[in-house]
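One structure is given below, encoded as C-alpha cells.
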Amino acid sequence: MKYLILIAYPPDGWSKASPEQQQRWMADHGRFHDTVGSAILGGEALAGPDTATTMRHVAGKPVLTDGPFAETAEMIGGFYLVEAPDLDTVTGWCEILPDGYSLEIRPCITVDLPD
Amino acid sequence: MDTSTELERIWREEWGRLLALLVGRFRRLDLAEDALADAFEAAARSWRADGIPTNPAAWLLTSARRRALDRLRAEAVAARTVPLLIVDARTQDEAHRAMADPGDAPCELADERLRLAFLCAHPALAPEAAAALTLRMVLGVSTADLARLFLVAEPTMAARLTRARKKLAVAGVSFALPAPERLASRVAVLGTVAYLAFTAGYAPGSGPDVVRVELAGEAIRLTRLLRSLLASSTGGAPVTATGLDPLLALMLLQHSRRDARVDADGGLVLLPAQDRGRWRSDEIAEGLGLLRMIEPSRLDPQGYQLWLQAAIAAEHARATTPSATDWPRIAELYAALDRHTEGSPVVRLARAVAVAEANGPLAGLELLAGLDQALPSSHRVPGVRAELLARAGLATEAASAYEQAIALCGNDAERRHLIAQRAKLGG
C-alpha cells in the first residue's frame, strides 16, 4: 500500500530551535532514509504557508487566494510518500522522525481514470 | 437439550473464534460478521426442526462460509472495490484449511481470536470505538445491546461500528499479532479498551441504572479471555502474560460489590452502608489472589496505576465491617495514586474522602480546594464537600453544597441519594 505522511509542526518550530536541535532533526531524517530506503517513493520539504496559493472555483470560475487551505496552529512543512505492507510498518518508521512533528498518515487509494 | 439455550451457549463460546476464521478467509469484517450472524439465525430454525448437530461449531462455520460466498457472488462487480484487510498468506492458508475441514479447526488456530482482539483494539481507532468493536467482534455482543450499554441510539452505534470497520481496512491495519517490540504497548491498549467497557458499565454518568452489570461482566469476560490467550500464544513472556493481571484484579474486586451497591428500589447504596454478606466472596478471593502474585515494581506506569486502584479495592474487600477498614493504609495508597496521576482531580477527590476517614472531615475538606474549577460540571465535588461539612457539624454550609450537587447530578439513583442526605440535615 502507498501512504502519504504529512509532516506538520508549529510555524516557528524550526527557526526557534537551537542549531544542535536542528542538527538532531536532520540526523533523524537521515536515519529515516537509511531505514526506509527504497520504500520512500517521494518526499519534499515545503516552503512556508505564507507562500501558498489556493485555487477554488467560485461561480464556475477559478479564483486564486493568497494562503493555505486553512489557518491552523500547525503548518504542513513537508511530506513523504512511502510504500508499506501495513499501517504498523508506517507508524514504526514514523517513530524515527523528529519528535516535534505531528504526522498525519493517510493511505492512498486507487482511482480508475477513464482511458 | 433446549435449542435456544444451547445456541446461546455456543454463541458465547464460539462467536469470536468462528468470526476470526471467517475474517482470515474473507478479509472483510462486515462480510464475516453478517455471514456468521445469518448462520446462527439459520441454526435457530434448522436445529429446532432437525436437532442439534454433533459438531455445532463446524455446522455454523460451513453455513457461514457458504453464506459469505453467496454474498460475494451477489455483490459481483461492486465487491471488487471493497477494501480488504491485510492478512498474511499463512493465516489465509490456515483459515482455508479450517474451512475445508471444520471439525478439525479448534486447537490449531488458538491465536485467531487474539489477532481479532488486536485488530479491533488498534490504537488507530478512538478508544470508545475500539471498545465497542472489540465487544462486538470478539464476544459477539449485539449492536442493539452495545447501543444500550454505551447509552447511544442504535443507529449511532451501528454507524460508529461501520466507520471503525472501514477505517481498519482502508488504513491498512493488518490482521496479525503485533511485532514483539510492540506487544507490551498493544496489550496495554487492550487493557484500556476492556477497562473503558468496564467503567462504562460500572459508573454510568447518566441514565436510570446505577450499575449496568452486564457490560461490566462482559468486560471481565473479555479480560479473562485475553489473558488466557496471551498466556498460551506468546509463550507466556512476562510482560504479556501478566500485563492484564492488575486490571483483572481491580475489575473483580469492584464487580464483587455489585449486588450490594443497589437496594431493592434501584437506589444507590454507598460502601459503608452495603450489606457485606452480599459481596461475592469467590470473586474477592480471586482478586486478592491475583494481587498477591503481582510484583508492583515490575509493572509499567499504566499497570502500576491499576495496581494501586486494585490495592485500594482490596483494602475494602478485606474489611468485614466498615469500622474494620484500614483507612490510614487507603489514604496512603491514594496519596501514591495522586502523585502517580500528577494531581488528577478525580483521584484527588477520592483521596479527600479517604483522608477524611483517616484524619477527620476537616483534613478531607482541605484536599477539595481547587477541585470545583477542575471539575466544574461534576456533582461529586459538591456532594463530597456536603457530606464532609455535615460530618464537621456545619449544617448550613452542607445544605447549600447538597443543593449544588443535586442540581448537577445526572444519574437518577445518585440524585435520589443526595436528596435524601440533604433532607437528613433538617431545615
Side-chain angles (χ1 to χ4, degrees), chain A residues 1-9 27-43 69-70 72-74 76 78-115, chain B residues 23-24 27-29 76-92 111 114-127 129-130 133 163-190 234 240:
Chain A
M1 288 177 67
K2 285 196 189 87
Y3 290 90
L4 182 68
I5 302 167
L6 286 164
I7 298 171
Y9 47 81
D28 289 338
H29 279 278
R31 284 200 298 131
F32 183 82
H33 275 267
D34 292 345
T35 307
V36 186
S38 64
I40 299 178
L41 304 177
F69 287 134
T72 53
E74 292 176 316
I76 302 290
F79 69 90
Y80 283 110
L81 182 68
V82 297
E83 173 80 42
D86 59 22
L87 180 64
D88 284 352
T89 306
V90 184
T91 58
W93 290 339
C94 285
E95 284 168 15
I96 302 171
L97 288 171
D99 58 11
Y101 289 167
S102 298
L103 300 170
E104 182 172 323
I105 302 161
R106 293 277 289 270
C108 301
I109 53 174
T110 311
V111 178
D112 290 325
L113 293 175
D115 298 327
Chain B
V23 171
R27 303 174 57 193
R28 275 175 52 184
L29 287 170
V77 179
R80 265 188 268 142
T81 61
V82 176
L84 298 179
L85 280 171
I86 295 165
V87 181
D88 66 64
R90 192 185 63 88
T91 306
Q92 284 191 55
D111 64 357
L114 205 50
R115 280 166 207 256
L116 193 60
F118 277 120
L119 176 75
C120 296
H122 194 278
L125 293 179
L133 190 67
R163 191 195 158 272
R165 279 187 289 257
K166 183 178 163 207
K167 161 95 192 254
L168 292 176
V170 175
V173 175
S174 64
F175 183 61
L177 297 177
E181 69 274 14
R182 288 187 174 207
L183 199 53
S185 71
R186 295 293 307 279
V187 170
V189 177
L190 281 179
T234 59
T240 59

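We name chains A, B, ... by the order of the sequence lines, and we start the count at 1 in each one.
The two residues A:L87 and B:H122 come nearest to each other via the heavy atoms CD2-CE1, 4.1 Å. When every heavy atom of B:S174 is checked against every heavy atom of A:D86, the shortest pair comes out as OG-OD2, 3.0 Å. Nearest heavy atom pair, residue B:R182 against residue A:D88, reads NH2-O, 3.5 Å. Residues A:P107 and B:A171 approach most closely at CG-CA, 3.7 Å, considering heavy atoms.
Residue B:A124 touches chain A through its side chain alone, counting heavy-atom pairs closer than 4.5 Å. Residue A:T110 does not touch chain B at all, counting heavy-atom pairs closer than 4.5 Å.
Under a cut-off of 6.0 angstrom, the local environment of CG in A:D99 is sparse, with at most 12 non-hydrogen atoms contributed by other residues, nucleotides or ligands.
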